[in-house]
Amino acid sequence: MASAFEYAPAPESRSVVDIAPSYGLFIDGEFTEAADGKVFKTVSPSTEEVLSEVARAGAADVDRAVKAARKAFEKWSALPGSERAKYLFRIARIIQERSRELAVLETLDNGKPIKETRDADLPLVAAHFFYYAGWADKLDHAGYGADPRPLGVAGQVIPWNFPLLMLAWKIAPALATGNTVVLKPAETTPLSALFFADICRQAGLPKGVVNILTGYGDAGEALVTHPDVNKVAFTGSTAVGKAIARSVAGTEKKVTLELGGKGANIVFDDAPVDQAVEGIVTGIFFNQGQVCCAGSRLLVQESVRDEVLDALKRRLSTLRLGDPLDKNTDIGAINSAEQLARITALVETGEAEGAERWSAPCELPSSGYWFPPTLFTDVTQAHTVARDEIFGPVLSVLSFRTPDEAVAKANNSQYGLSAGIWTEKGSRILAVANKLRAGVVWANTFNKFDPTSPFGGYKESGYGREGGRHGLEAYLDV
């Protein structure tokens, strides 16, 4: 007999989104084939089915797109900010109108649960365009002096973990400040960017202001190194970020890099355990842990370590892994076979180095790319799983005795993107947060985002800030 608390499947309909069998590059307001005719396939991570065939951009296509953006820049940058704002407002409204379609598309192409794309990603995407539309005619009052000028053509490369949200983080401030854009989405998640190209046409955006180039790393490299690109914005791995920094060194290009992380989530002995456990789950298992600011290192005060771990394991045992289109699903699919292999290898390394692994009991689907929610105990700071970014649903648990020890362990990382603090004492929150070398510090919550707040890191987590008033500076000559 079924338990009263079992969930019946509640799948979102795929019929709300119409995916074409093939897509071209979006250059100068039109979809076009790649110059050499190359294409690649994008697959759904949860089923491994081919969703569509997409044009693969090469150097010649990058050059075409940059030239289109340069030509459009003259008129776009000359528009009054209030006129640019109208286009951004229009785009934001269309995103809201098509949010259900876009949420289903993102879930199919990325593998994350529909309740995340529907309730987190899409509202934030629209909010970023609304927010920066409001700044477009107020740049003189942004704190960067009178009459700040746009840079020119922005070359932007975004990752696969939040495809549409990362697009919004980059395109919205670029357009608001009068720049034109050439954007390359990740090769495993190209579809939402191509749908956004259609939104640009629907909004009547002038041709060439936004150009979308689907392709692989060679297209991204050609874009970053193109001599007529004035601004480079990259979100992705630290290794690629370092290569980009080297490639633009000595040029006049302005660069922002948002790279990897190994965020510390610090739980003190006075923290409300149930609330902290929910925050821990959100911190590391949101989007299957494929989040640069994930709280992938849990630091628990020794006196409450066992209590927190017991509560955490009970909670992980209730998470539902499966069909990402099911509205009840908590854990979706890993984005690609390559990423799943990396997660698996790092977890095996953790076990080989002596850390104790515990994975939530759950049945993995027979097709697609899946990994169960996992945590490691008996972890030291020397363990690979405590130092390397796994970028998956894997949590490393360490303990501490004093606030100073917690800060020392939290800061003992090559990364510096995010951190969390759980305590009832406001004075402790302020004292500890001021000592943490992290770009974002959450207090009694985790993974909360807002377009008005700047985001970025220190050390190998990159430099520059996106979001908020600070996000304007990266696209202005100040």
Side-chain angles (χ1 to χ4, degrees), residues 261-286 289 291 293-319 346-347 349-362 372-390 392-413 415 418-433 435-438 441-447:
K262 193 72 177 176
N265 214 352
I266 306 169
V267 179
F268 286 95
D269 56 7
D270 64 338
V273 173
D274 289 342
Q275 181 183 341
V277 165
E278 290 304 310
I280 293 163
V281 170
T282 299
I284 180 57
F285 300 113
F286 179 72
V291 185
C293 57
S296 52
R297 288 183 297 150
L298 176 61
L299 305 181
V300 189
Q301 200 151 16
E302 272 189 10
S303 58
V304 293
R305 176 185 178 276
D306 291 344
E307 180 185 2
V308 170
L309 275 178
D310 288 345
L312 181 58
K313 287 181 179 180
R314 285 197 303 272
R315 182 67 180 94
L316 295 189
S317 298
T318 68
L319 294 179
L346 285 168
V347 166
T349 299
E351 291 182 284
E353 291 177 350
E356 184 175 342
R357 173 186 175 178
W358 181 90
S359 292
C362 59
T374 297
L375 59 83
F376 277 102
T377 53
D378 297 334
V379 177
T380 71
Q381 294 180 92
H383 279 107
T384 300
V385 292
R387 305 194 67 83
D388 287 8
E389 183 181 36
I390 299 174
V394 181
L395 178 66
S396 298
V397 183
L398 301 94
S399 61
F400 66 91
R401 293 181 178 179
T402 67
D404 285 343
E405 183 184 358
V407 169
K409 286 186 173 181
N411 287 340
N412 184 18
S413 171
Y415 299 109
S418 66
I421 303 169
W422 297 85
T423 176
E424 287 191 342
K425 297 183 177 67
S427 57
R428 178 179 283 166
I429 290 171
L430 294 173
V432 173
K435 295 175 184 175
L436 293 174
R437 191 64 172 160
V441 180
W442 285 289
N444 293 327
T445 188
F446 211 94
N447 273 344

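Keep in mind that the numbers below use all heavy atoms, side chains included, and drop hydrogens, waters and symmetry copies. Everything numeric here is computed off the predicted structure, so don't read it as measured data.
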Validation row: [X], [Y] side chains within 4.5 angstrom (heavy atoms):
| X | Y | value |
| --- | --- | --- |
| Leu395 | Leu316 | no |
| Ile266 | Phe400 | yes |
| Val379 | Val397 | no |
| Val432 | Val441 | no |
| Val281 | Leu312 | yes |
| Lys435 | Pro403 | no |
| Lys313 | Leu375 | yes |

Any sub-3.5 Å donor-acceptor pair from [X]'s side-chain atoms to [Y]'s backbone N or O?
| X | Y | answer |
| --- | --- | --- |
| Arg401 | Glu302 | no |
| Lys409 | Ser399 | yes |
| Arg387 | Gln381 | yes |
| Glu353 | Thr384 | yes |
| Ser396 | Val385 | yes |
| Glu389 | Gly261 | yes |
| Asn411 | Arg437 | yes |
| Asp269 | Gln301 | no |

Working for side-chain contact (heavy atoms from CB on, under 4.5 Å), residues Val267 and Ile280: CA-CA 9 Å; Val267 179; Ile280 293 163; 4.1 Å; yes
Atom pair [atom1]/[atom2] of [X] and [Y] - distance to nearest 0.5 Å:
| X | Y | atom1 | atom2 | result |
| --- | --- | --- | --- | --- |
| Glu351 | Thr374 | CD | OG1 | 9.0 Å |
| Leu298 | Leu309 | CG | CG | 7.0 Å |
| Asp378 | Thr380 | CG | OG1 | 10.0 Å |
| Arg305 | Leu398 | CZ | CG | 9.5 Å |
| Phe376 | Ser296 | CZ | OG | 12.5 Å |

Atom of [X], atom of [Y] and distance for their closest heavy-atom approach:
| X | Y | result |
| --- | --- | --- |
| Phe285 | Pro393 | CE2-O, 3.3 Å |
| Ala264 | Phe446 | O-CE1, 4.5 Å |
| Lys262 | Ser413 | CB-OG, 4.0 Å |
| Ala294 | Gly289 | CB-O, 4.2 Å |
| Ala311 | Val273 | CB-CG1, 4.0 Å |
| Ala410 | Arg297 | O-NH2, 2.8 Å |

Thr349 and Asp388: side-chain contact (heavy atoms from CB on, under 4.5 Å), yes or no, with the steps? CA-CA 11 Å; Thr349 299; Asp388 287 8; over 6 Å; no
Determine whether the side chains of Thr318 and Arg315 contain a donor N or O and an acceptor N or O closer than 3.5 Å.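 Thr318 vs Arg315: donor-acceptor pair found between side chains.
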Please determine, by modelled atom types, if Trp422 and Asn265 share a side-chain donor-acceptor pair under 3.5 angstrom.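 Yes, side-chain donor-acceptor contact under 3.5 Å.
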Before giving the answer on side-chain contact (heavy atoms from CB on, under 4.5 Å), spell out for Asp270 and Arg428 the whole-Å C-alpha distance, their side-chain angles and the decisive distance to 0.1 Å. CA-CA 11 Å; Asp270 64 338; Arg428 178 179 283 166; 3.3 Å; yes
